[in-house]
2 protein chains.
Amino acid sequence: MPKPTIVEVARLAGVSNSTVSRCINNPEKVDRKTLARVRKVIEETGFRPNLLAQSFRRGRTDIVLVVIHNIGSSIFSDIIDGIRGVLGDRYSIILMESRSEEQGHSRFIDLLVARQVVGVILLCSSPPFSRKLVELDNFPRLPVVIGLEPISEDLASLPSVHIDNHQAAFDATRYLLDSGHREIMFVSGERGSLITQDRERGFVAAMAQAGIADGAARILHAELSIQGGIAAAHRLFGRETRPTALFCANDDIALGVMSVAPRFGLAVPADLSIMGFDDTIYAAMANPPLSTVAQPTRDIGERAARRLLRAMERPDETPAGTDELAEILPHRLVIRQSTAPRLA
Amino acid sequence: MPKPTIVEVARLAGVSNSTVSRCINNPEKVDRKTLARVRKVIEETGFRPNLLAQSFRRGRTDIVLVVIHNIGSSIFSDIIDGIRGVLGDRYSIILMESRSEEQGHSRFIDLLVARQVVGVILLCSSPPFSRKLVELDNFPRLPVVIGLEPISEDLASLPSVHIDNHQAAFDATRYLLDSGHREIMFVSGERGSLITQDRERGFVAAMAQAGIADGAARILHAELSIQGGIAAAHRLFGRETRPTALFCANDDIALGVMSVAPRFGLAVPADLSIMGFDDTIYAAMANPPLSTVAQPTRDIGERAARRLLRAMERPDETPAGTDELAEILPHRLVIRQSTAPRLA
DNA sequence: CTGAAAGCGCTTACAG
DNA sequence: CTGAAAGCGCTTACAG
């Protein structure tokens, strides 16, 4: 048997389509008896409105798109929990990996332009996305909020929720300096992203404040992954002068470095202190447990979702008008056993 | 200015809506000159078909839903790469966490019933999903393929792609036995899932073959996470007789156990051999690197996608007719340094 | 190769 | 509180 439509329900209940529609969407506007009768028919027939038709007719869905870099990264898990907690009941959340865009399987723009989604939370604002979004600005504004990563230049007008990456990198570097280290290097992320730049400036500033002027020369770029960390370690430990402390742009890089260190005769933290970033669940599992910079992931998700909610509910309101464009959340140094005072 | 519709394009190009529609969907059926003219207008106006209208009209989308347990788990990353490689150009892939279902933010059924998706790949077939799917069977069949986990009883009629979990657990246990261990325990997953049962039977069988009859008594149930491993370790190491080897249902459990072992004075692998499951990227990073059972993740993704493709393209064909319902892929023992022969 | 026409399943003013 | 009617933007036989 074919799926029942609203027409069929109306016929069986002896009312008009309009009334059935109201029973679904505005039950308070319907007479109690009518409502009961219609609901009974809906129950009996197993009718469910065709969401495709509904969305089409209304010109909007109730789907929020959350873009992450890749699903393998555990840091997104908490953020998305936060998002779901805020958006959960009213909106569906679909996930998209920005990675897939890079691979050329691009549905992103289709989703947006076709108004298949009502809002977007960008948990990564890497170049391919930002450019595409900007190219879209001749289309009606779609609410977009950036979480986790600070905005790229392209997206400077969008609201965002993230930590102060400059300060976080400054604090982490400062901690290593205070532990007596001088030969510190920063294994940073991919060149060019704003988040990377922020952190690099924080690193350089902390080094400069400690009287080390060539901070910028002590920055290495790596892919933000275990592989990236391993590759960086090989470049790093092959040199004549080795650092005594390493600050890494994320925990995966730090774990990669840590796995390679023994092969170069380096013990962590005796010979080499390592500091990560993100405080993923694997940081605490490392041996030795990894010191790192924690971000309030769940909170980032919740706040990003709240801002998106506001933007979706009041599309007329200029985001800049409400409050600060960027919402800055506190970070926290988590000191474990991968860092230690420099041996004299 | 409002978004142009097909009507507007037709007017500007001096043709009918039908022709514009053909230019988009069946350009080969349109005169070259006409096509060029229409395409020019499309270009100039920036027209893009409203996918919502398109999908509604066609009664189908081009969206495939992939359900994973949670995005924090790195094992899904490769699988989804595989899926995307096969499905990528023709279909959009959206991800859904089954976790969110458990939290009650259920959009799953809506997505299916409303035909907002044309196919589903279930990378977890835990109870809430399987039950809901089964309840749906009065609705038109939606192509569904199960990957990674073997089917649950509820979903016995669906095609699936996975390793032989019974054999894999048997092989892993056998390896520990061959290394001289007798006091082996299996830290299994949550009770009741079919994949767990398969592995438990494999464990018991290997133990029995080695003359250890009480294998079933040597099974512990844990949540498939680092936390689960930590909790299991506390239960386990508090006992009087401690095992000399542990086989864990996934790498996260193994890592959790490994992180706790030192607190009980247990060195890995000297006092305790630990074997994981899945070979996630973090297994190789552990200290000592974790021995584990590798699944051909990318291949699982690709094959699941191919089966789904076939099911979507030939909806009439009974899945059972094509070939075996379950496609079994080879697993592989990856022996690193967390396992060692039992000390005499 | 092209156009006129019907229709997908809903929602939404509008009138009563 | 309810119904008749129009219409959202497309696609698809059908006729020419």
Side-chain angles (χ1 to χ4, degrees), chain A residues 1-39 41-42 45-63 110-116 118 139-140, chain B residues 1-39 41-42 45-63 110-116 118 139-140:
Chain A
M1 56 184 164
K3 293 182 57 172
T5 69
I6 207 172
V7 176
E8 178 67 5
V9 173
R11 194 182 61 74
L12 290 170
V15 296
S16 72
N17 305 352
S18 326
T19 298
V20 177
S21 177
R22 273 184 216 104
C23 289
I24 299 163
N25 303 303
N26 306 96
E28 73 283 0
K29 290 186 179 171
V30 180
D31 182 81
R32 283 177 53 230
K33 282 180 176 171
T34 313
L35 184 59
R37 190 148 37 95
V38 172
R39 283 195 169 153
V41 175
I42 288 176
T45 55
F47 168 76
R48 276 174 174 266
N50 178 329
L51 294 194
L52 243 31
Q54 234 174 20
S55 303
F56 162 58
R57 185 53 246 256
R58 289 178 178 155
R60 74 196 311 266
T61 64
D62 55 358
I63 298 173
D110 285 346
L111 281 170
L112 302 197
V113 173
R115 298 230 194 78
Q116 287 189 115
V118 286
F139 289 106
Chain B
M1 55 183 165
K3 291 181 60 170
T5 70
I6 207 171
V7 176
E8 178 67 4
V9 172
R11 194 182 60 75
L12 290 170
V15 296
S16 72
N17 304 354
S18 326
T19 299
V20 177
S21 177
R22 272 183 217 107
C23 290
I24 300 165
N25 303 304
N26 305 96
E28 74 283 0
K29 290 186 179 172
V30 180
D31 182 81
R32 284 177 54 230
K33 281 180 175 172
T34 313
L35 184 59
R37 189 148 38 95
V38 172
R39 284 197 168 154
V41 175
I42 288 176
T45 54
F47 168 76
R48 275 172 174 268
N50 179 330
L51 294 193
L52 245 30
Q54 233 173 21
S55 303
F56 161 58
R57 187 51 244 259
R58 289 178 179 154
R60 76 196 309 265
T61 64
D62 55 358
I63 297 173
D110 285 345
L111 281 171
L112 302 198
V113 173
R115 299 232 192 79
Q116 287 189 116
V118 285
F139 289 106

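As the structure is a prediction and not an experimental result, all values here were calculated from the model. Protein chains get the first letters and strands the later ones, always in sequence-line order, with residue 1 at the start of each.
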key: Under-4.0 Å side-chain N/O to phosphate OP1/OP2 contact, B:Thr19 with C:dT2   = no
Donor-acceptor pair present, A:Arg57 side chain and D:dG9 base, under 3.5 Å = no
message = The side chain of B:Asn50 is closest to which nucleotide in this list: C:dT11, D:dG9, D:dT2?
response = D:dG9
query = In whole Å, what is the span from the CZ atom of B:Arg60 to the P atom of D:dT12?
reply = 11 Å
message = Measure CD1/B:Ile6 against C1'/C:dA4 and give the value in whole Å, please.
response = 15 Å
inquiry  = In whole Å, I'd like the distance from the CZ atom of B:Arg58 to the C1' atom of D:dG9.
reply    = 12 Å
message = Strictly below 4.0 Å: does B:Thr34 bring a side-chain N or O up to OP1 or OP2 of C:dT2?
response = yes
query = Closest to the B:Ser16 side chain: D:dC8, D:dG3, C:dG3?
reply = C:dG3
key: Earlier contact from the 5' end, DNA chain D, for B:Asn26 and A:Arg32   = A:Arg32
task = Report the distance from atom CD of A:Glu8 to atom P of C:dC10, rounded to the nearest whole Å.
result = 11 Å
Paired nucleotide for D:dT2 [Watson-Crick or G-U wobble; both distances under 3.5 Å] = C:dA15
ask   = A:Gln54 has an atom CD; how far is it from atom P of C:dC10, in whole Å?
value = 8 Å
query = Where the side chain of A:Phe47 is defined as all heavy atoms beyond and including C-beta, which of D:dG9, D:dG3, C:dC10 is the nearest nucleotide?
reply = C:dC10
request  = Figure out the CZ/P separation between B:Phe56 and C:dC10, and round it to whole Å.
outcome  = 8 Å
key: Rounded interatomic separation in angstrom, taking NZ from A:Lys33 and C1' from D:dT2   = 16 Å
inquiry  = For a 4.5 angstrom cut-off between non-hydrogen side-chain atoms, does A:Arg39 reach A:Pro27?
reply    = yes
ask   = Do the side-chain N or O atoms of B:Ser18 get closer than 4.0 angstrom to the phosphate oxygens (OP1, OP2) of C:dG3?
value = no
query = Do A:Asn25 and A:Arg58 have side-chain N/O donor and acceptor atoms under 3.5 Å apart?
reply = yes
request  = Mind listing the closest non-hydrogen atom pair of A:Ala13 and A:Arg37 along with its distance?
outcome  = O-NH1, 2.6 Å
message = By nearest atom, which of the nucleotides C:dC10, C:dC14, C:dT2 is closest to the A:Arg22 side chain?
response = C:dC14
Side-chain (A:Asn50) to main-chain (A:Ala53) donor-acceptor, under 3.5 angstrom = yes
ask   = Closer than 4.0 Å, any side-chain N/O of B:Asn25 to the OP1 or OP2 of D:dT11?
value = yes
query = Could you state the CG-C1' distance from A:Asn17 to D:dC8, rounded to the nearest angstrom?
reply = 15 Å
remark   = Between B:Thr34 and B:Thr19, the two heavy atoms sitting closest are CG2-CG2, 3.8 Å
